[in-house]
Amino acid sequence: MKIIGIGLQKGGVGKTSTTLAIAAELAKTSKVLIIDADPQGNATCGLLQDIQYELADVLLGDIDIKNAITKTPFDNISMIPTKPIGTRLREYKISGKCVQDIFEVEDNLKKISKYFDYCLIDTSPDFSIFECNLYASCNEILPVINCDTFGSDGLTIFLSNLATFKQKRHKNDLVVQTVVINKFNKSMRLDKMIKETVEQSDNFNFVTIPQDQNFKESQAVQKLVEGKPETMEAIKKVCELIK
């Protein structure tokens with residue numbers, strides 16, 4: 001099972017929409033698990049109505065991780081949800097257990113690795129010890145940035161924090177190969193300038209998702225992400241790069 005964390009220390013960049021879209025594309029040929037690790041529970045809202053167990057129940061030791069896996073209405077996509085708003089997950093994030101059990105996420109995912117081909121972790125806009133524990137379980141991190149004035153700075157800060165984390169946790173095998181530039185408006189000169197600035201780095205593959213209202217609204221109506229043809233082509237490209 002390949003584990004991919006979708007992250008950035010900034011809210012509203014489209015991490016959840018991107019996670020759901022990638023899951024939908026991968027699920028055409030593979031079994032996919034989504035872990036909603038954001039206390040807001042937005043990914044959960046996008047796919048599920050009824051929730052029995054959530055991620056916090058697993059991390060607090062109340063249930064086995066296998067019991068938290070919830071089937072979604074969509075073929076080949078399962079989820080470990082977080083109840084909106086995830087009060088229990090917020091409590092866990094600041095608890096002593098989170099600080100002490102730094103391998104809790106990693107150890108739990110090993111128990112279910114044989115059941116799925118991919119695990120996508122939708123993270124919060126934070127870089128606390130909890131996010132570090134999530135990233136420690138990953139094979140790859142996929143940053144998602146907005147095509148706005150703060151997009152380039154947000155990516156730089158996130159990558160810097162990730163480099164420090166990798167050094168402290170001895171996670172040299174954790175890679176960042178692809179960066180998603182979201183909400184790109186090709187008619188806006190500023191968007192073009194920001195995109196050109198970000199893409200000056202030759203360390204990553206860059207995939208651009210255009211500004212697309214359908215893509216933004218899909219999760220609000222509990223259906224898998226739909227968008228313009230160029231949006232869906234961008235998602236296919238991301239999936240090709242992370243496989």
Side-chain angles (χ1 to χ4, degrees), residues 3-28 31-60 62-63 65-94 105 108-109 112 116 118-126 128 130-131 134 138 142-146 180 182-183 209 211-228 231-232 234-235 238-239:
I3 306 170
I4 301 160
I6 293 84
L8 198 77
Q9 286 168 265
K10 189 174 185 296
V13 297
K15 292 189 296 292
T16 299
S17 295
T18 303
T19 300
L20 298 182
I22 292 171
E25 182 63 28
L26 291 174
K28 292 177 181 178
K31 292 189 179 298
V32 182
L33 175 68
I34 299 172
I35 296 181
D36 190 349
D38 186 344
Q40 293 186 71
N42 289 337
T44 300
C45 290
L47 294 184
L48 299 174
Q49 291 183 333
D50 299 319
I51 303 164
Q52 184 174 9
Y53 299 117
E54 61 177 320
L55 177 61
D57 296 326
V58 177
L59 299 176
L60 290 167
D62 295 339
I63 60 166
I65 188 170
K66 294 177 184 178
N67 296 328
I69 296 172
T70 306
K71 290 185 177 181
T72 75
F74 307 101
D75 292 341
N76 290 332
I77 300 179
S78 298
M79 172 177 276
I80 296 179
T82 286
K83 294 179 180 178
I85 300 287
T87 304
R88 291 204 81 204
L89 187 57
R90 291 182 192 278
E91 291 173 353
Y92 174 78
K93 284 186 65 172
I94 61 174
V105 177
N108 271 291
L109 290 182
I112 57 171
F116 300 95
Y118 295 94
C119 173
L120 305 176
I121 303 180
D122 186 26
T123 67
S124 70
D126 199 357
S128 69
F130 176 59
E131 281 69 39
L134 293 170
C138 294
L142 181 70
V144 179
I145 68 170
N146 268 356
V180 172
N182 196 21
K183 304 178 186 177
I209 297 176
Q211 196 172 59
D212 188 340
Q213 195 64 26
N214 290 336
F215 182 70
K216 182 179 179 180
E217 291 179 350
S218 290
Q219 71 185 81
V221 292
Q222 291 195 325
K223 63 181 181 181
L224 289 178
V225 173
E226 298 176 355
K228 301 174 183 176
T231 299
M232 304 320 293
I235 294 299
V238 173
C239 291

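Any value given below was found using the heavy atoms of this structure, including those in side chains, with hydrogens, waters and symmetry copies removed.
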Peer 1: CG of L120 to CG of L26: how many Å apart, nearest 0.5 Å?
Peer 2: 6.0 Å
Peer 1: Donor-acceptor check, side chain of E25 to backbone of I22, threshold 3.5 angstrom: yes or no?
Peer 2: no
Peer 1: Take I121 and I4, measure what side-chain contact (heavy atoms from CB on, under 4.5 Å) needs, and give me the verdict at the end.
Peer 2: CA-CA 6 Å; I121 303 180; I4 301 160; over 6 Å; no
Peer 1: Looking at every non-hydrogen atom in both residues, tell me the closest pair between P125 and G11 and how far apart they are.
Peer 2: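 Looking at all heavy atoms of both residues, the closest pair is CB-N, 3.4 Å.
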Peer 1: I want to check something: taking the side chain as every heavy atom from C-beta on, are T44 and K83 in contact at a cut-off of under 4.5 Å?
Peer 2: no
Peer 1: So, taking the atom named CG in L48 and the one named CD in E54, what distance separates them when rounded to the nearest 0.5 Å?
Peer 2: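 L48 CG to E54 CD: 12.0 Å, rounded to 0.5 Å.
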Peer 1: Please name the pair of heavy atoms, one in I34 and one in I77, separated by the smallest distance, quoted to 0.1 Å.
Peer 2: CD1-CG2, 3.9 Å
Peer 1: May I have the step-by-step check of side-chain contact (heavy atoms from CB on, under 4.5 Å) for L142 and V238, ending in yes or no?
Peer 2: CA-CA 9 Å; L142 181 70; V238 173; 4.0 Å; yes
Peer 1: What I want to find out is whether D126 reaches K93 closely enough, with some N-O distance under 4.0 Å, to be called a salt bridge.
Peer 2: yes
Peer 1: Minimum heavy-atom separation for A43 and D122, please, with both atom names.
Peer 2: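 Minimum heavy-atom separation between A43 and D122: CB-OD2, 3.6 Å.
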Peer 1: Should V58 and I63 count as side-chain neighbours, where that means a heavy-atom distance under 4.5 Å?
Peer 2: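 V58 reaches I63 side chain to side chain.
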Peer 1: About how many Å separate CD1 of I145 and NZ of K15, when rounded to the nearest 0.5 Å?
Peer 2: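 Atom-to-atom, K15:NZ and I145:CD1 are 12.0 Å apart.
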Peer 1: How far does OG of S78 sit from CD1 of I35, to the nearest 0.5 angstrom?
Peer 2: 11.5 Å
Peer 1: Can you measure from CG (L47) to NZ (K71) and round to the nearest 0.5 angstrom?
Peer 2: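 Reported value, rounded in 0.5 Å steps: 15.5 Å.
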Peer 1: In Å, rounded to the nearest 0.5 Å, how long is the span from SG of C45 to CD1 of I51?
Peer 2: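 Answer for the SG-CD1 pair, C45 versus I51, is 7.0 Å.
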Peer 1: Taking the side chain as every heavy atom from C-beta outward, state whether F130 and L89 have any pair of such atoms under 4.5 Å apart.
Peer 2: yes
Peer 1: Is there side-chain contact between V32 and F116, with at least one heavy-atom pair below 4.5 Å?
Peer 2: no
Peer 1: Is a side-chain donor-acceptor pair under 3.5 Å present for T70 with Q52?
Peer 2: no
Peer 1: Between T16 and N42, is the side chain to side chain donor-acceptor pair (under 3.5 Å) condition met? List the steps.
Peer 2: CA-CA 7 Å; T16 299; N42 289 337; 4.8 Å; no
Peer 1: Are side-chain heavy atoms of Q40 and R90 found at a separation under 4.5 Å?
Peer 2: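 Answer yes - side chains close enough.
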Peer 1: Measuring only between side-chain heavy atoms, which start at C-beta, is V105 closer than 4.5 Å to L59?
Peer 2: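 Yes - at least one pair of side-chain heavy atoms lies under 4.5 Å apart.
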Peer 1: Taking the side chain as every heavy atom from C-beta outward, state whether L60 and Y92 have any pair of such atoms under 4.5 Å apart.
Peer 2: yes
Peer 1: Taking side chain as C-beta onward, heavy atoms only, is I6 less than 4.5 Å from T123?
Peer 2: no
Peer 1: Test side-chain contact (heavy atoms from CB on, under 4.5 Å) on I209 and K183 and set out the steps.
Peer 2: CA-CA 6 Å; I209 297 176; K183 304 178 186 177; over 6 Å; no
Peer 1: Give me the atom names and distance for the closest heavy-atom approach of L8 to P143.
Peer 2: CD1-CB, 4.4 Å
